[in-house]
J.: 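This structure is in structure tokens; I'll ask about it shortly.
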Amino acid sequence: MLYLDITGKAPKRRCKKVVEWFKAKYMPNHHLDITVAHRGLKREHAHGFCTVMDCDHRPREFLIEIETTLKEQDYITVLLHELWHVYQHVNGSLRDKRGVRHWKNVDSDTLAYKDQPWEHEAVEMEMKLYNCYMGLGPKSFGKGTPFPNRLIQIK
């Protein structure tokens, strides 16, 4: 089950479709509560953030903050990047234990942003997820076949 709340100036239909597709494809058996808040992040020099809102053990409530002025492809890519962080938290590879960030059970709290392995993985997955969402990726990538997006005409 998915509880989705979309706030701020946002392409709500697009956001809902992307989140529902990702949830169905990568976490179909999990109950999640996701809030996607659209706000200006330029001052923070970021396009998006993902924050765990409930407990460190088995997190299921997340806040994704995303820049409001992104173009369509960038918006979808950033949203998928942040959803990949949700996936990392849900499957347990990324954890916050007593305020300390752990990656695959290794204390990684002191790593600089550019050295964070969970960010490297999310960046690596961005275009794979985008292509899969748009129906452009290989049929064997991920779990099952890509979601047939209505924006693409099938010939």
J.: Report yes if the side chains of Arg60 and Val90 come closer than 4.5 Å at any heavy-atom pair, otherwise no.
T.: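 Side chain of Arg60 against side chain of Val90, heavy atoms only: contact under 4.5 Å found.
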J.: Assess whether side chain to side chain contact (heavy atoms under 4.5 Å, CB included) is satisfied between His81 and Leu129, documenting all intermediate values.
T.: CA-CA 8 Å; His81 174 105; Leu129 291 167; over 6 Å; no
J.: Can you pull the side-chain hydrogen bond (donor to acceptor under 3.5 Å, both in side chains) pairs that have at least one residue in residues 3-14, sequence neighbours excluded?
T.: none
J.: Please check if Leu63 and Val19 belong to a single hydrophobic cluster, counting links between Ile, Leu, Val, Met, Phe, Trp and Tyr side chain heavy atoms closer than 4.5 Å.
T.: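 Different clusters: Leu63 never reaches Val19 through Ile, Leu, Val, Met, Phe, Trp or Tyr contacts under 4.5 Å.
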J.: Will you find, in the side chains of His47 and Glu67, an N or O donor that is under 3.5 Å from an N or O acceptor?
T.: no
J.: Treating Ile, Leu, Val, Met, Phe, Trp and Tyr as nodes and any side-chain heavy-atom pair under 4.5 angstrom as an edge, say whether Leu83 and Trp103 lie in one connected cluster.
T.: no
J.: Quick one: which of His102, His57, His89 gives a side-chain contact (heavy atoms from CB on, under 4.5 Å) with Asp96?
T.: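 Of His102, His57, His89, side-chain contact (heavy atoms from CB on, under 4.5 Å) with Asp96 is met by His89 alone.
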J.: Indicate, with yes or no, if the rings of Tyr87 and His30 have centres closer together than 6.0 Å.
T.: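 Tyr87 vs His30: aromatic centres not under 6.0 Å.
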J.: Membership question, hydrophobic clusters at under 4.5 Å side-chain separation (ILVMFWY): are Ile64 and Met125 in the same one?
T.: yes
J.: Would a hydrophobic clustering, with Ile, Leu, Val, Met, Phe, Trp and Tyr connected at side-chain separations under 4.5 Å, put Phe49 with Val86?
T.: no
J.: Locate the shortest heavy-atom distance separating Glu119 from Tyr113; write the atom from each residue and the value.
T.: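 Closest approach of Glu119 to Tyr113, heavy atoms only: OE1-OH, 3.3 Å.
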J.: Treat each ILVMFWY residue as a node, draw an edge where side-chain heavy atoms are under 4.5 Å apart, and state whether Val123 and Leu111 are in one component.
T.: no
J.: Report yes or no: does Gln88 contribute a side-chain atom to a donor-acceptor pair with the main-chain N or O of Trp118 at less than 3.5 Å?
T.: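 Yes, because the side chain of Gln88 sits within donor-acceptor range (under 3.5 Å) of the backbone of Trp118.
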J.: Do Met127 and Tyr130 touch side chain to side chain, with heavy atoms closer than 4.5 Å?
T.: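 Side chain of Met127 against side chain of Tyr130, heavy atoms only: contact under 4.5 Å found.
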J.: If I compare all heavy atoms of Cys50 with all of Phe62, which pair ends up nearest, and what's the gap?
T.: SG-CD2, 4.3 Å
